Amino acid sequence: MLEQLGSAGSSQHTGLTEKSHVASSIPLPKLENATRGKVITRFPPEPSGYPHIGHAKAAIIDEYYARMYDGRFILRFDDTNPLNEKLEYYEAFTLALEWLNIRPDIIKNTSDDIELLYDYGRKLVLNGDAYVCTCNQQKIHDLRSKGIECDCRKRPTSDTRNIDNFFDGRFNQNEAIIRFKGSMADQNTAMRDPTLFRIINGHHPKLGDKYRIWPTYDFAAPIEDSLDGVSHAFRTKEYELRNALYFAILERLGLRKPNMIEFSRLEFNGLPVSKRKIKPLIENDIIKSWDDPRLPTLAAMKRRGFIPGAIRRFVLSLGMTLAETKPPFESLEAFNRKLIEPESIRLFFVKDPVEIMIQNSSAREIRLKNHPNIDLGTRRIKVSDSIYISKEDAIRLRAGNEVRLIEMYNIRIVEIKTEGTKLTILASWSGDNIRPDIPKIQWVAKNDDRQFEILVPKELYLGDIYNVNSLEVWKGLAESYVTHLKPDSKVQFVRMGFCRIEGANSAIFTHK
RNA sequence: GCUCCGGUGGUGUAGUCCGGUUAAGCAUUUCGCCCUCUCAAGGCGACGAUCCCGGGUUCAAAUCCCGGCCGGAGCACCA
């Protein structure tokens, strides 16, 4: 457990302060009740899946405010359901945060405090603010919807048999739960005596089989936040109705109340974040791994060629709005493009290659710039009388046309031959001078060519339906230089787009 | 169904609390020009919002009040 911080404000729902005059230089608005050095925020994921872009938004906001106020940032795994948690997910979150350059000052698990949570649970029952309920789930559901109290709730607080039985483990799963004594007739259904503890038989990745009684999120979150010294707690807006519960629990326990602030979930059109839509694709082997570039996971974003700085800028550009909207993916791409452009070397890739024989050219060695206006070095290519261009360029050519092979020379098309589906082009050298009036196309020299493919992720979902064409593969030839690049290098295939190098013969399309 | 939360150009946001010096700033998208041996980046510019609708208060409302419409969320022994 962490030391307690002094009261960081106890208003029920504070929101944010106005955007002050200086705000134009600060992406996100200032916090209410915030003092430099006294702000503590936390990112509380449940390790029940892989971190995705939505998690990134939360983590970035949490960390952003901690740094803005020279405070502290906690990564807390909310691992209160042994049925969901897996060790690999804890690891995945740790790695993802590292990748995002978010360094927690403290890393902990809610499960670390399970005994302490028991103590608070007991205290609540003993004080008459919670009770053991042995009704079955159906009955609980019915009474809750009708707003009626059950007999368990009416039992006198002095009768402590059930509470002892509960914590001594004498109930089986589904036989009893501990419920908060809220208000069964409350219009906010979250207050109709929600569950605080339930019995789950399952192996917990951190605690093994030692515990069977698990606190719910509703109970653990406010206590953990309060005890961890969290001054400003952020959560997505679907929790809004639970704020009353959150503060009611702290009130009854006499614990300090953090400020609570909501923001909207981040999701893109065509790129759903929900487990409901992603997990089936994995389980049915439609998508092989969690870092498949079509996925919204951070592992996928990384593999796709997005860099942390772009994700951060993008997230901050979203602001702290409550409006439920789907931001344009193009916006993320724009941030990323601007950031990787200066360090992406330019290379040639021809999709669906078509050979061109150049009649009157002499073999030569060409030196190519790796970047048009930044010095990223050069590369040399030996060129003979045979080169390849992409089919989409080839089919536009007509005999007599003149085009420039970028960074090399101009050619005039002499003849276009078609044998079945195979195209062959005959051309002749027509000058070395750069001419603004003719098209410029990329090329790959014969003998310098390497089989290469580019994976192009498209929208995963079209509306509610999985897009069967969500992954295109462009096959073609790339310059041999590509084989010398380290995996993870960002390149721009000229006139194609930015890509992240996967290996010696493949890349993933990042964006145009 | 009940309750809560939202609703600013195609899209995402700023401004809304403390109504007026901005009849609306920024980003993205699209288009044009400049630059350029790329369909990139950079520079410049354009298109594009009667600030969901209808009333009201006021000299003055995107900003306050009332009513409505639309969208989302919650109503789990998940988080």
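These values consider heavy atoms only, across backbone and side chains, with no hydrogens, waters or symmetry-generated copies. For clarity, every value in this text was computed on a predicted model and none was experimentally measured. Labels below follow one simple rule: chain letters A, B, ... track the order of the sequence lines, proteins then strands, and each chain is numbered from 1.
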Base-pairing mate for [N] - Watson-Crick or G-U, with both contacts under 3.5 Å:
N     : value
B:U22 : none
B:G54 : B:C66
B:C17 : none

Polar side-chain contact [X]-[N] base: donor and acceptor under 3.5 Å:
X        : N     : answer
A:Glu238 : B:G74 : no
A:Tyr239 : B:A73 : no
A:Glu330 : B:U11 : no

Inset, instruction - Verify side chain to side chain contact (heavy atoms under 4.5 Å, CB included) between A:Phe234 and A:Lys57, making sure each step is shown before the conclusion. - result: CA-CA 11 Å; A:Phe234 299 87; A:Lys57 176 177 180 182; over 6 Å; no

Any side-chain N or O of [X] less than 4.0 Å from the OP1 or OP2 oxygen of [N]?
X        : N     : answer
A:Thr325 : B:U13 : yes
A:Ser48  : B:C78 : no
A:Arg144 : B:C75 : no
A:Arg235 : B:A73 : no

When the [atom1] atoms of [M] and [N] are compared, how many Å lie between them, rounded to an integer?
N     : M     : atom1 : answer
B:G7  : B:C52 : C1'   : 6 Å
B:U8  : B:G25 : C1'   : 12 Å
B:C2  : B:G19 : C1'   : 35 Å
B:C5  : B:A27 : C1'   : 26 Å
B:G42 : B:C35 : C1'   : 8 Å
B:U30 : B:C69 : C1'   : 31 Å
B:A40 : B:U22 : P     : 36 Å
B:A61 : B:G55 : C1'   : 14 Å

Inset, instruction - Assess the pair A:Phe509 and A:Phe306: is the distance between their ring centroids shorter than 6.0 Å? - result: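 Ring centres of A:Phe306 and A:Phe509 not closer than 6.0 Å.
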
Out of [options], which has the shortest distance to the side chain of [X]?
X        : options             : result
A:Arg346 : B:A40, B:G12, B:G6  : B:A40
A:Ile177 : B:C77, B:G12, B:A40 : B:C77
A:Lys512 : B:U30, B:U38, B:A41 : B:U30
A:Asp393 : B:A79, B:G74, B:C39 : B:C39
A:Pro372 : B:A40, B:C77, B:A27 : B:A40
A:Lys237 : B:G74, B:G12, B:C5  : B:C5

Report which part of the nucleic acid [X] touches: base, sugar-phosphate, or nothing (heavy-atom distance under 4.0 Å, all strands).
X        : value
A:Asn373 : base
A:Asn174 : base
A:Glu46  : sugar-phosphate
A:Ala334 : sugar-phosphate
A:Ser264 : nothing
A:Ile434 : base
A:Lys326 : sugar-phosphate

Parallel, tilted or perpendicular, as decided by the 30° and 60° cut-offs, for the rings of [Y] and [X]:
X        : Y        : result
A:Phe166 : A:Phe171 : tilted
A:Phe43  : A:His55  : perpendicular
A:Phe268 : A:Phe329 : perpendicular

Report the distance from atom [atom1] of [X] to atom [atom2] of [N], rounded to the nearest whole Å.
X        : N     : atom1 : atom2 : result
A:Leu318 : B:U8  : CG    : P     : 14 Å
A:Tyr217 : B:C77 : OH    : C1'   : 17 Å
A:Phe498 : B:A41 : CZ    : C1'   : 7 Å
A:Glu343 : B:G42 : CD    : P     : 14 Å
A:Tyr131 : B:C77 : OH    : P     : 11 Å
A:Gln138 : B:A76 : CD    : P     : 11 Å
A:Arg242 : B:U3  : CZ    : P     : 18 Å

Inset, instruction - Would you mind reporting whether A:Tyr481 and A:Phe348 have side-chain heavy atoms less than 4.5 Å apart? - result: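 SC-SC contact between A:Phe348 and A:Tyr481 ruled out.
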
Inset, instruction - Write down the atom of A:Asp193, the atom of A:Ser183, and the distance for their closest heavy-atom approach. - result: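 Scanning both residues, the minimum pair turns out to be OD1-N, 3.7 Å.
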
Inset, instruction - Please name the pair of heavy atoms, one in A:Ala233 and one in A:Asp225, separated by the smallest distance, quoted to 0.1 Å. - result: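 Minimum heavy-atom separation between A:Ala233 and A:Asp225: CB-OD2, 3.7 Å.
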
